[in-house]
Amino acid sequence: MASPFKNILLVGGGGSIGSIMLKALLAEPSFTVTVLQRTGSTSKLPEGVKVITIDDSYPLGALTVAFKGQDAIVNCMTTIAVTQQLRFIDAAVAAGVKRYIPSEYGLNNNKPEARAVSGVFSQKGQVQDYLRTKEAKGMEWTAIACGMWLRWSATHNFLGMNIKEKKMEIWDDGEGWISCTTEDNTALALVNSLTKKWEETKNRIVYLSDFAITGNMLLESIERQSGEKFTVTHVNTEELLAEKKPLAESGDFFAFIKVLETGFASGKFGGHLEKEGEIMNDVLELPKHNLDEVVKVALEAVAAM
């Protein structure tokens, strides 16, 4: 049976993951792809891509008009704007969209411990809760939880990595587990969920993991492949959260990022996806990757900066 998903609208097509998702969507010949872009956006999109511009405030009426005739909405909005998705979901229902893919791409945001540690995890979980209430109205959803992207993390000094300065932060004893997926496999999982496995991915969280690692494993691979010894600092999760959470909640952006990083790097808040549900890499026909291979790519990406 042919896939019911042909017309795909992407939100956030110029961002870190959105640009990779856009490339994968455009490479699928069965899709007609449109990008929704804010009037104030400075992101550069590939030449020839169909674009619908919308006011920066994302008015509900304009969203509904933009979504008319679309089979699926793929949202890759920035992490700090996730709560705006509730309006997007209302517009998608009103426009008769078949499936909504929220801006997720992380850990298990349904886990109470995750929702308690960061407003981002809580808000993303609330988006999933809201999507579940729309199933009765006939709109499907798929949330993709892929753990962390090591290449992105290395180039953004995340997960404790500061490659250029040869420094590494390790949370607690470095034995907390976190799942990792490449950006390309995350995008391929999205495409295959809409072209091949739409029933298997309907109304559920799709857990992805190319492999799971600890902080100590990541450090060992980086040092071995770079041939450099890193200066290691250990972070106590409880002490860090006690200090940084109140600051993050009061608007301190750097504290906000540190709390978010701790949610992943400590391995305590639903980021070890093998423990959270069925890993669907094989179902979605994703190629295999290993830690050393992905670290090599990450180191090359940092060197090219």
Side-chain angles (χ1 to χ4, degrees), residues 79 105-109 111-122 145-182 209-276 289-303 305:
T79 290
Y105 320 113
L107 46 69
N108 179 9
N109 293 304
K111 203 173 184 71
E113 297 93 324
R115 294 194 185 193
V117 79
S118 169
V120 168
F121 303 144
S122 176
C146 54
M148 276 309 305
W149 307 305
L150 289 187
R151 181 177 63 185
W152 181 93
S153 296
T155 57
H156 289 80
N157 290 346
F158 203 72
L159 286 188
M161 292 183 279
N162 188 327
I163 305 297
K164 285 191 177 292
E165 294 187 12
K166 301 179 181 60
K167 294 178 181 179
M168 185 80 177
E169 283 185 316
I170 297 289
W171 272 253
D172 304 311
D173 62 359
E175 291 301 309
W177 289 85
I178 179 169
S179 301
C180 301
T181 308
T182 64
S209 177
D210 292 337
F211 48 80
I213 60 170
T214 66
N216 290 334
M217 291 168 64
L218 179 58
L219 173 63
E220 190 280 329
S221 181
I222 290 170
E223 289 187 331
R224 176 165 41 79
Q225 295 200 65
S226 68
E228 304 280 358
K229 197 70 178 172
F230 277 50
T231 300
V232 177
T233 304
H234 283 268
V235 177
N236 181 289
T237 296
E238 290 186 8
E239 292 176 1
L240 184 145
L241 291 178
E243 176 190 353
K244 299 295 185 183
K245 269 190 70 178
L247 295 174
E249 289 164 0
S250 67
D252 185 320
F253 181 74
F254 294 103
F256 163 81
I257 293 298
K258 204 65 189 176
V259 169
L260 200 64
E261 183 179 26
T262 298
F264 286 99
S266 65
K268 297 174 184 275
F269 301 102
H272 188 195
L273 300 178
E274 285 81 352
K275 299 292 187 182
E276 302 301 319
H289 295 292
N290 61 55
L291 173 59
D292 281 350
E293 169 195 344
V294 176
V295 165
K296 180 176 184 291
V297 171
L299 293 175
E300 290 170 349
V302 172
M305 291 172 62

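Numbering starts at 1 and runs along the sequence shown.
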*Met161 versus Ala154, closest heavy-atom pair with distance*: CE-N, 3.6 Å
*Indicate the ring-plane relationship of His156 and Trp152, choosing parallel, tilted or perpendicular according to the 30° and 60° boundaries.*
parallel
*Please indicate whether Glu238 has more than 12 foreign heavy atoms, meaning atoms of other residues, nucleotides or ligands, lying under 6.0 Å from its CD.*
no
*Is the backbone of Leu273 close enough, under 3.5 Å, to the side chain of Ser179 for a donor and an acceptor to pair up by distance?*
yes
_side-chain contact (heavy atoms from CB on, under 4.5 Å) between Ile257 and Phe158, worked out_ = CA-CA 9 Å; Ile257 293 298; Phe158 203 72; 4.2 Å; yes
*Is any side-chain N of the basic residue among Glu169 and Lys258 closer than 4.0 Å to the acidic one's carboxylate O?*
yes
*asked:* Closer than 3.5 angstrom, by distance alone: can the side chain of Asn216 be matched with the main-chain N or O of Gly174 as a donor-acceptor pair?
replied: yes
*asked:* Rounded at 0.5 Å granularity, tell me how far CG in Leu299 sits from OG in Ser226.
replied: 6.0 Å
*Would you please test Asp292 and Phe211 for side-chain contact (heavy atoms from CB on, under 4.5 Å) and show each step?*
CA-CA 11 Å; Asp292 281 350; Phe211 48 80; over 6 Å; no
*Could you tell me whether the side chain of Glu175 and the main chain of Thr214 form a donor-acceptor pair under 3.5 Å?*
no
*Heavy-atom closest contact (Pro246 atom, Ala242 atom, distance)*: CD-O, 3.4 Å
*Test item: Asn108 side-chain N/O and Gly270 main-chain N/O as donor-acceptor pair under 3.5 Å*: no
*Atom CD in Glu220, atom CD in Gln225: separation rounded to 0.5 Å?*
8.5 Å
*Tell me, do Val259 and Glu249 make a side-chain contact under 4.5 Å, heavy atoms counted?*
no
_CD1-CG distance between Ile213 and Leu291, expressed to the nearest 0.5 angstrom_ = 5.5 Å
*Rounded to the nearest 0.5 Å, what's the gap from CD on Glu165 to OG1 on Thr231? Could you check?*
10.0 Å
*asked:* Quick check against the 3.5 Å criterion: does Glu228 have a side-chain atom that pairs as donor or acceptor with the backbone of Glu223?
replied: no
_Please identify which of these residues, Trp171, Trp149, Phe121, meets the ring-ring contact (aromatic ring centres under 6.0 Å, His included) condition with Phe264._
Phe121
*What closest approach, in Å, do Ala212 and Met217 show between heavy atoms, and which atom pair accounts for it?*
O-CE, 4.0 Å
*So, does Lys111 use its side chain to make a donor-acceptor pair with the main chain of Phe269 at under 3.5 Å?*
no
*Other residues, nucleotides, ligands: >12 heavy atoms within 6.0 Å of Lys275 NZ*: no
*What are the two closest non-hydrogen atoms of Lys245 and Ala116, and how far apart are they?*
NZ-O, 2.8 Å
*Rounded to the nearest 0.5 Å, how far does CD1 of Ile178 lie from NZ of Lys268?*
13.5 Å
*OG of Ser118 to CG of Leu107: how many Å apart, nearest 0.5 Å?*
9.0 Å
_Exam field: side chain Thr155 to backbone Arg151, donor-acceptor pair closer than 3.5 Å_ = yes
*asked:* Under the criterion side-chain contact (heavy atoms from CB on, under 4.5 Å), I'd like the reasoning laid out for Asp210 against Val294: C-alpha separation, chi angles, the key distance, then a yes or no.
replied: CA-CA 10 Å; Asp210 292 337; Val294 176; 5.5 Å; no
*Is the backbone N or O of Leu247 less than 3.5 Å from a side-chain atom of Ser250, with the two atoms forming a donor-acceptor pair by type?*
yes
*Nearest atoms (heavy-atom pairs only) where Thr262 meets Leu240*: OG1-CD2, 3.2 Å
*Using the six-membered ring wherever Trp is involved, compare the ring planes of His272 and Trp177 and label them parallel, tilted or perpendicular (cut-offs 30° and 60°).*
parallel
